Structures are given as C-alpha cells and as structure tokens.
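Worksheet: the structure to be examined is printed underneath.
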Amino acid sequence: MDSTPSNPASLEEKRHTLAHLLAAAVHERFPHAKATIGPAIDNGFYYDFDFSSTDSSDGTAGHKHATPTEADLAGLEETMRELLPSWNEMLGTEVSENDARSRFAKNEYKLEIIDEVVAKGEKLTLYTAGDFTDLCRGGHAERPSKDIAKDSFVLDRIAGAYWRGNENKPMLTRIYGLAFNTKEELEAYQAQREEAKKRDHRKLGKELDLFTFSDLVGSGMPLFTPRGNIVRSSIINYSRELNNELGFGEVHTPNVNKGDLFKISGHYDQYKEGMLSVHSQYVEDEMFLKPMNCPQHTQIYASQPRSYRDLPIRYSDFAVLYRDERPGELSGLTRLRAFSQDDGHIFCREDQIEAEVESVLAAIQKALATYKIEAWMRLSLRDPQNKAKYIGEDETWNKAEEIMRTLLKEKNITFKEAEGEAAFYGPKIDIMAVDALGREWQISTVQLDFVQPSRFQLEYTAEDGAKKTPVMIHRALIGSPDRFMGILIEHYGGAFPAWLAPVQVRVLPISDKQGDYAQEVLTTLRAAGIRAEVDTASESLGKKIRDAKMQKLPYLLVVGDKEITDKTVSVESRDHGKLDASSVADFVTKISQEIKDRA
RNA sequence: GCCGAUGUAGCUCAGGGGUAGAGCAACUCCAUGGUAAGGAGUAGGUCGGCAGUUCAAUUCUGCCCAUCGGCUCCA
C-alpha cells in the first residue's frame with residue numbers, strides 16, 4: 001500500500017470505493033445479503049448481492065423484505081452518507097488463503113473468487129474502511145471521507161444480473177449507483193440522461209406518429225404508419241442508390257425456406273433456436289422464416305456457371321427477416337422480431353477482396369456523412385479461447401483475419417480489435433456509430449466469409465480452366481433500416497432533415513379566409529413532389545405554429561391576406577427561424593435543392 | 001429466457017373492495033386571428049386478458065399477455 005496518501009483519488013477509485021460503501025450500507029440494512037462483486041463502471045458503480053440466503057442468524061434486520069426494491073434505494077443511500085464520514089482511511093492487508101476462507105466461509109461467491117485468485121497465484125487482500133471489510137484487489141480512494149463528496153453520488157436503480165454474467169448461474173440483485181467527482185458533474189450527467197429520455201425513439205415514434213405495435217400482431221413486429229414509412233423507405237432508397245453506385249443488382253427472395261438451406265449454411269446448427277419455423281401441410285421438410293439472406297444469395301450465384309470474368313457478382317436485398325428474439329430482449333425499433341437489412345453479398349476472387357471492401361467502406365463513410373453521424377471501426381475477430389463457436393479451418397480464419405487487418409492498416413483507418421465479436425463464419429469490420437448524445441450503436445458491417453461458399457460448393461472457372469471457390473463478402477451499409485430509423489429518431493431528436501421528414505412543409509392559413517390560397521400553394525408544392533399539407537383547423541395562428549413546432553416540421557408557410565396580395569408565402573424554417581417572404585416558385589426551388597442534396 | 005417494476009379515455013397521468021377523474025387531443029358552436037396553447041360546450045373507459053376469493057373486484061390473489069429497467073443473447 002502506498003504510504004503517501006496525498007495523491008488525489010481518481011474518479012474510478014472513488015467509484016470503486018463507493019461500491020464498497022454501498023456493500024457496507026446493504027450489510028447494515030440487509031444483514032443476510034451476500035456481497036459478491038462491485039466494480040466501477042463508466043457512470044458510477046454497482047455491486048451484486050445475493051439476498052436469497054435464509055441462514056441469516058441475527059434477526060436484527062427488522063426488514064420485511066428479503067430483497068430490496070426501488071423503494072429501499074433512498075434508505076440505502078442515506079446509510080451510505082451516514083457511514084461515509086467514518087471512512088477516514090481505506091487500508092489493505094494481505095491475508096493467507098485460510099484466513100480469507102474462514103472470513104468468507106458462508107459466502108460461496110467470495111470463496112469462488114478466492115479459488116480463482118489462488119489459482120492465478122495472486123495475493124489475497126482485504127480492504128477495510130469504517131467497520132466494513134471486503135475481499136478486494138484494491139484501487140480505492142485512500143481517504144474516502146475526504147476524497148468523496150457526499151453529494152457526488154446517488155443510487156440509481158436495481159436490477160437482476162447473473163453471477164459471473166452466466167445465465168446458468170444464480171440470478172443476483174445488482175444495485176447501480178451514479179457517481180462523479182462533483183455534484184455539478186453528477187447533475188450534468190442526469191440532465192443529459194433526461195435529454196436522452198426526451199429523444200427516446202419509442203416516445204417520439206408515438207408523438208410523431210411514426211410506428212406502433214399491436215398485441216394482436218405480436219411483440220417485436222413494428223407497424224409503420226404512412227409517416228413512419230416515409231422515413232423508413234427514404235433510408236432504404238438512399239441505400240439503394242449507394243448500392244447502385246457500387247454495382248449491386250437488387251434481388252428479391254422468399255421469406256419461407258426449407259431447413260436444408262440453413263443446415264448447409266451452418267445457421268441451423270448455430271441459430272436454430274432463433275429461427276421461426278413454419279409448417280406446410282404438403283411439404284414434409286421443416287421450413288423457416290429466413291433470419292438472413294446470405295444462403296439464398298448463394299443459390300442465385302449457383303444458378304449459373306460463373307467465370308472469373310463475371311466476378312465480382314454483387315447482390316443486394318432489402319427483404320424482411322425474422323428472428324425469434326427472446327421477449328426480454330426486445331426494445332422499440334432497436335431490437336425486433338421482424339426487421340430488414342440493407343443487405344448485400346459480393347462473390348469475388350481473392351484478389352478482388354481488397355477493392356471490394358474498400359469501396360463498401362467508402363460507401364458507408366458517405367452514408368454516415370449524409371446522416372451526420374460519427375463512427376469508429378472495430379475489427380471483430382474470433383475468440384481464440386472458444387473456437388468451437390465458429391466454423392471453418394484455423395488456416396482459413398487466420399487468412400481472413402489477416403486480410404482484414406492489413407486492409408485497415410493500409411488504408412490508414414484507425415480501428416480497435418475485438419476478440420470474440422466475429423460472425424461464426426468469418427471476421428467482420430463493424431462500424432460503430434456515435435449519435436448526437438454520444439451513445440454508440442453497431443450499424444454497418446463488412447464480413448469476410450470463406451466458409452459458406454465452400455459449404456454450398458460455389459465455384460467459378462478460373463483463367464486456367466480450373467474450378468475455384470469464390471470468396472463471399474457480407475455487408476450492410478447502415479445495417480437495418482428499421483433499427484437505423486430508431487437510431488436516427490434519437491440522433492435528430494425527431495427533427496429530421498427535409499429529405500427524411502414525413503411532412504416537409506405545412507401551410508398555415510391565418511384564418512379560414514385564406515383557405516383557397518393555401519390549397520393553391522399546397523397543389524403547387526405537391527406537383528413539385530414536396531410532401532406538404534395544410535392546417536385547416538379553425539384555430540389561432542399561434543396554436544397552428546405550436547402544433548407544427550411540436551411535430552418538428554422543417555418548414556412552415558404562413559399565408560394571410562398580405563401573401564395573397566403579393567402572391568408570396570412567409571417562410572418559417574425549423575432550423576433557421578423566420579425567413580423572408582418568397583414566391584412559391586422560389587421556395588420550391590430552394591427546398592427541392594435541399595432535399596436533393598440530402599442536406 | 002432470468003431478476004424487478006408497470007399496465008386506468010387517443011396521449012400524459014391521478015384515484016381506489018360498492019362498476020371511475022383531470023389536462024391535452026377529438027367533435028360542436030362562438031371567435032377570423034400575423035409566428036409556441038382564443039372561449040364555451042359535448043362525447044369518450046367491461047380500469048391489459050383469463051381465472052379465483054368476496055354479497056360485491058378496476059382495486060385483493062394466481063396465471064397469462066404486453067411494456068419498461070437491467071442480465072444474458074444478437075447470424
């Protein structure tokens with residue numbers, strides 16, 4: 001232990017210390033709780049407890065509930081604040097295995113940790129502050145009462161979590177806390193979270209009438225309204241345009257497929273649980289709603305003999321896919337049972353991989369720039385400790401991973417490597433988008449696959465007449481249009497740029513008297529292909545403005561007697577405020593350009 | 001799927017063993033208005049579903065369904 005406790009504690013050390021403080025508070029109020037693990041996380045800390053124990057010898061708890069609920073958080077927080085002043089020093093002492101075991105004899109979780117520490121040949125240390133001692137490897141604020149401001153943390157929520165993150169192990173109770181250096185930083189974080197809540201796509205999807213769900217249709221099956229479908233299909237059409245530039249040919253394939261297709265591709269073995277089966281009264285084979293497009297695309301490739309001259313062959317597909325996600329995993333548009341992808345597969349020769357991946361990455365960059373979304377790249381590799389999760393030979397994998405890594409390096413693209421994130425058939429370059437609030441989402445992906453082409457016995461005739469196996473590149477530009485729409489709603493806070501906006505212009509007559517002129521303007525706008533509507537309500541202009549602002553419409557055209565006389569419209573821009581009056585024709589020219597530019 | 005919470009009018013919510021209430025939205029009327037809510041009135045609900053307890057259940061209990069916060073998973 002460092003004997004000069006003059007170093008200010010880092011935020012991570014404070015958070016870790018607060019996890020201990022939480023455990024101490026829990027022990028006071030719920031003496032039967034078994035503490036397990038409590039680390040610092042990027043907005044605070046958590047600690048996992050097992051409250052299921054019934055062998056609590058002392059009945060001092062006086063608590064009716066064996067397990068705390070949200071209602072207990074305030075009390076626990078209070079206890080933490082009461083204890084904090086007495087935590088003047090947090091000291092570690094090394095102990096023997098036997099000492100450690102006897103101290104935690106009733107806590108099988110700590111015993112398991114002791115086993116691991118011992119197995120690794122590391123030292124066992126106990127840390128004590130106030131009256132509370134925990135098994136821990138260290139990394140705390142050394143003077144908690146001085147280092148930690150009592151108003152810089154708050155208990156946040158309570159949730160279930162599996163011991164060791166393994167769903168076959170016991171479910172523990174996790175208590176999350178938020179913690180920052182100061183009260184101000186904590187409040188700033190909470191305010192930012194409030195802002196995120198306002199932008200929640202599930203909330204905005206309802207308010208802006210973009211999509212809905214129905215118990216009768218089923219969970220995870222989104223119903224897009226006319227407004228929402230404009231956003232969705234605008235996303236798809238843009239991806240389609242980018243695909244065309246890349247030389248893709250769009251295909252159309254059925255939703256129901258024989259199980260054999262997925263047995264050969266390997267998906268049946270890997271994901272049978274995640275596939276929805278369909279039964280036919282005539283066809284005996286087990287059939288499935290397709291969870292992805294790649295196996296079908298192999299069959300289009302295989303429908304003709306292919307020459308090396310034909311390659312690359314590129315197929316794109318926007319089909320709806322179905323995956324039997326577990327109910328607890330569904331969430332708005334970001335996790336669905338029925339969703340599409342802006343999917344594409346490239347069949348090419350090995351010497352074409354680099355150029356193909358490069359052009360796909362360029363298209364992704366272009367799309368991200370259009371959507372004004374920042375992103376970083378992740379090279380997703382196989383987990384070398386768990387090769388059974390993947391199909392294909394070591395040699396193939398090493399080759400594929402090295403091709404991707406070299407390509408990224410040669411293009412001077414910065415990336416992070418992530419083991420265990422690969423697809424079961426090959427490594428991926430995943431594009432991680434960062435939205436307006438700094439949250440990360442995995443969207444696009446480029447995957448190298450040497451496995452499926454050979455399993456489907458795909459081939460082409462090489463220059464020398466020999467039969468060779470093509471390489472398959474799986475790729476998406478923005479991933480899933482449905483999911484991406486959810487991300488975009490939050491990214492823009494519902495204020496879509498004109499090209500994506502369900503309604504681009506609303507005409508607001510000041511009173512009923514200008515109704516005819518408003519209709520005239522509407523007709524002109526619609527003839528120019530602009531998505532426009534008129535607010536015909538018998539309400540004040542103030543009310544109409546308010547309604548339009550709440551709908552976050554890009555442009556409002558106010559028309560009164562003055563505009564009728566001058567043959568103009570008064571333009572109110574969502575992003576630039578009140579603009580000068582202009583002729584309808586001039587406005588049409590301006591907004592049409594903006595839409596065309598996807599500005 | 002697991003742990004926990006929630007489900008009341010189109011939306012946001014209040015209420016509570018004796019068949020329900022507000023604001024906004026909707027509809028009607030008045031007002032005809034110049035950049036974020038003009039006024040008045042009307043209508044609207046088997047209180048998520050199915051059972052059970054009870055003289056009586058929207059309220060209590062159980063089981064389902066859905067949603068939310070996490071965990072796990074994500075081809």
Side-chain angles (χ1 to χ4, degrees), chain A residues 46 48 50-52 65 67-71 156-176 197 200 202-203 206-207 209 212-220 262 265-275 290-295 321 323-332 334-336 339 341 343 389-391 421-426 428 442 445 447 449 452 474 476 479-480 483 508-515 537-551 556-563 570-572 577-578 581:
Chain A
Y46 70 76
D48 286 347
D50 181 353
F51 289 96
S52 67
H65 311 290
T67 305
T69 65
E70 303 266 337
D156 187 34
R157 56 179 56 133
I158 198 159
Y162 298 107
W163 169 236
R164 298 265 126 152
N166 182 335
E167 64 179 319
N168 298 315
K169 297 201 167 170
M171 174 66 65
L172 306 171
T173 301
R174 175 171 299 178
I175 299 176
Y176 283 95
K197 233 177 176 177
D200 189 317
R202 294 165 297 194
K203 179 171 138 68
K206 198 176 276 180
E207 288 172 6
D209 186 25
T212 188
F213 291 90
S214 158
D215 282 0
L216 287 176
V217 175
S219 57
F262 303 113
S265 73
H267 291 94
Y268 184 92
D269 285 338
Q270 293 281 337
Y271 295 109
K272 184 175 185 299
E273 303 304 312
M275 302 203 290
K290 66 171 165 182
M292 87 300 298
N293 298 307
C294 37
L321 308 175
R323 294 180 186 177
D324 195 16
E325 302 290 356
R326 296 156 120 187
E329 289 158 1
L330 298 169
S331 177
T334 51
R335 196 70 179 272
L336 295 164
F339 65 100
Q341 287 182 343
D343 204 2
K389 266 173 69 183
Y390 309 89
I391 58 177
E421 295 289 342
F424 73 86
Y425 46 68
K428 310 187 284 180
Q442 191 204 313
T445 178
Q447 311 171 356
D449 181 1
Q452 286 197 64
H474 306 241
S480 162
R483 182 177 134 88
L508 310 182
I510 283 174
S511 76
D512 297 347
K513 289 188 296 192
Q514 295 86 19
S538 287
E539 292 288 351
S540 65
L541 180 63
K543 181 63 183 299
K544 289 180 187 178
I545 297 274
R546 178 182 152 83
D547 287 347
K549 294 281 183 190
M550 305 258 285
Q551 287 291 308
L556 309 180
L557 301 183
V558 176
V559 295
D561 289 339
K562 198 168 60 174
E563 285 76 11
S570 286
V571 184
E572 165 88 16
K578 199 170 170 181

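Heavy atoms only: backbone and side chains are in, while hydrogens, waters and symmetry mates are out. A, B, ... follow the sequence lines: proteins, then strands. Residue 1 opens every chain. The model shown is predicted, which means the values in this text are computed figures rather than measured ones.
- Taking atom CG on A/Leu557 and atom P on B/U35, their separation rounds to 16 Å, with Å as the unit.
- Here the separation of B/G44 from B/G21, taken at their C1' atoms, is 13 Å to the nearest Å.
- For A/Glu207 and B/G10, the CD to C1' distance is 13 Å, given to the nearest whole Å.
- Taking atom CG on A/Asp547 and atom P on B/U35, their separation rounds to 16 Å, with Å as the unit.
- Pairing of B/A40, defined by two Watson-Crick or G-U wobble distances under 3.5 Å, is identified with B/U28.
- Summarising the base pairing, B/U35 is matched to no nucleotide, lacking a Watson-Crick or G-U wobble pair whose two defining distances lie under 3.5 Å.
- Comparing B/C71, B/G1, B/A75 by their nearest atom to the side chain of A/Lys428 picks out B/A75.
- At the heavy-atom level, A/Ala161 lies under 4.0 Å from the strands shown only through sugar-phosphate atoms.
- Of the candidate nucleotides B/C2, B/A75, B/U72, B/C2 has the atom nearest to the side chain of A/Met171.
- Looking only at atom types and distance, the side chain of A/Tyr425 has no donor-acceptor partner in the side chain of A/Gln270 under 3.5 Å away.
- Heavy atoms of A/Gly560 sit under 4.0 angstrom from at least one base atom.
- For A/Glu329, taking side-chain heavy atoms from C-beta onward, the closest of the listed nucleotides B/U12, B/U72, B/A36 is B/U72.
- The shortest distance between the side-chain N/O atoms of A/Lys169 and the OP1/OP2 oxygens of B/C71 is not below 4.0 Å.
- On a pure distance criterion of 3.5 Å, a polar donor-acceptor pair joins the side chain of A/Glu563 and the base of B/G34.
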Atom pairs under 3.5 Å, N or O on each side, protein against nucleotides 62-64 of chain B: can you list them with distances?
none

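- Across B/A66, B/G70, B/U32, the shortest atom-to-atom separation from the side chain of A/Asp512 is found for B/U32.
- Put simply, CG on A/Leu330 is 17 Å from P on B/U72, counting in whole angstrom units.
- Contact annotation for A/Gly332: backbone-only contact, meaning every heavy-atom pair under 4.0 Å involves sugar-phosphate atoms and none involves a base.
- B/A43 and B/U28 have their P atoms separated by 15 Å, given to the nearest Å.
- A straight line from OH of A/Tyr162 to P of B/G70 spans 15 Å, rounded to a whole angstrom.
- When ring centroids are compared, A/Tyr176 and A/Tyr46 come within the 6.0 Å threshold.
- Pair assignment for B/A20: none, as no Watson-Crick or G-U wobble contacts are both less than 3.5 Å.
- If you take CG of A/Asp50 and C1' of B/C71, they are 15 Å apart, rounded to a whole angstrom.
- Summary of the strand contacts: A/Ser540 and A/Lys562 both lie near RNA chain B, and taking for each the nucleotide with the nearest heavy atom, the more 5' one is attributed to A/Lys562.
- Under the Watson-Crick or G-U wobble criterion, with both distances below 3.5 Å, B/C71 is paired with B/G1.
- Side-chain nitrogen and oxygen atoms of A/Tyr176 include at least one within less than 4.0 Å of the OP1 or OP2 phosphate oxygen of B/C71.
- Heavy atoms of A/Asp561 sit under 4.0 angstrom from at least one base atom.
- Between A/Pro68 and A/Ile158 there is a side-chain heavy-atom pair separated by less than 4.5 Å.
- Of all nucleotides listed (B/C71, B/A66, B/U35), B/U35 comes nearest to the side chain of A/Ser570.
- Minimum atom distance to the side chain of A/His267 is reached by B/A75, of the listed B/G34, B/U67, B/A75.
- Comparing B/C65, B/U72, B/G70 by their nearest atom to the side chain of A/Asp215 picks out B/C65.
- Looking at A/Arg335, its side chain comes within 3.5 Å of the base of B/C73 through a donor and an acceptor atom.
- One atom, CD of A/Gln442, and another, P of B/C74, lie 11 Å apart when rounded to the nearest Å.
- Within the nucleic acid shown, A/Gly328 comes within 4.0 Å of at least one base atom, counting heavy atoms only.
- Two rings, from A/Tyr271 and A/Phe262, have their centers 6.0 Å or more apart.
- Annotation for A/Leu556 and A/Ala548: closest pair CD2-CB, 3.3 Å, computed over non-hydrogen atoms.
- Of the two residues contacting RNA chain B, namely A/Phe213 and A/Ile545, the nearest-nucleotide position lying further toward the 5' end is that of A/Ile545.
- Comparing the C1' positions of B/C60 and B/G16 gives a spacing of 12 Å, expressed to the nearest Å.
- Taking a pair to require two hydrogen-bonding distances under 3.5 Å in either a Watson-Crick or a G-U wobble arrangement, B/G62 pairs with B/C50.
- When distances are taken from the side chain of A/Arg546 to each of B/G34, B/A36, B/C68, the shortest belongs to B/A36.
- Side-chain proximity of A/Lys543 to B/G38, B/G34, B/C74: nearest is B/G38.
- Remark: A/Glu572 engages A/Lys549 in a salt bridge (Lys or Arg N to Asp or Glu O under 4.0 Å) (not counting sequence neighbours).
- At a threshold of 4.0 Å, the pair A/Glu70-A/Arg157 does not count as salt-bridged, since none of the basic side-chain nitrogens sits closer than that to a carboxylate oxygen.
- Residue A/Arg326 has no polar side-chain atom (N or O) positioned under 4.0 Å from OP1 or OP2 of B/C2.
- Residue contacts for A/Gln270: at a heavy-atom cut-off of 4.0 Å it reaches no nucleic acid atom on any strand shown.
- The side chain of A/Ser219 contributes an N or O atom lying less than 4.0 Å from OP1 or OP2 of B/A66.
- For the OP1/OP2 pair of B/G70 and a distance below 4.0 Å, the side-chain nitrogens and oxygens of A/Arg174 include no atom meeting the criterion.
- Stacking of A/Tyr425 onto the six-membered ring of B/A75 is not present when judged by under 5.5 angstrom between centres and under 30° between planes.
- Using a 4.0 Å heavy-atom cutoff across all strands shown, A/Gln341 reaches no nucleic acid atom at all.
- Within the 4.0 angstrom heavy-atom criterion, base atoms lie near A/Glu539.
- The pair A/Arg323-A/Glu329 fails the salt-bridge criterion, with no side-chain N (NZ, NE, NH1 or NH2) lying under 4.0 Å from an Asp/Glu carboxylate O.
- A/Gly274 comes within 4.0 angstrom of a base, heavy atoms only.
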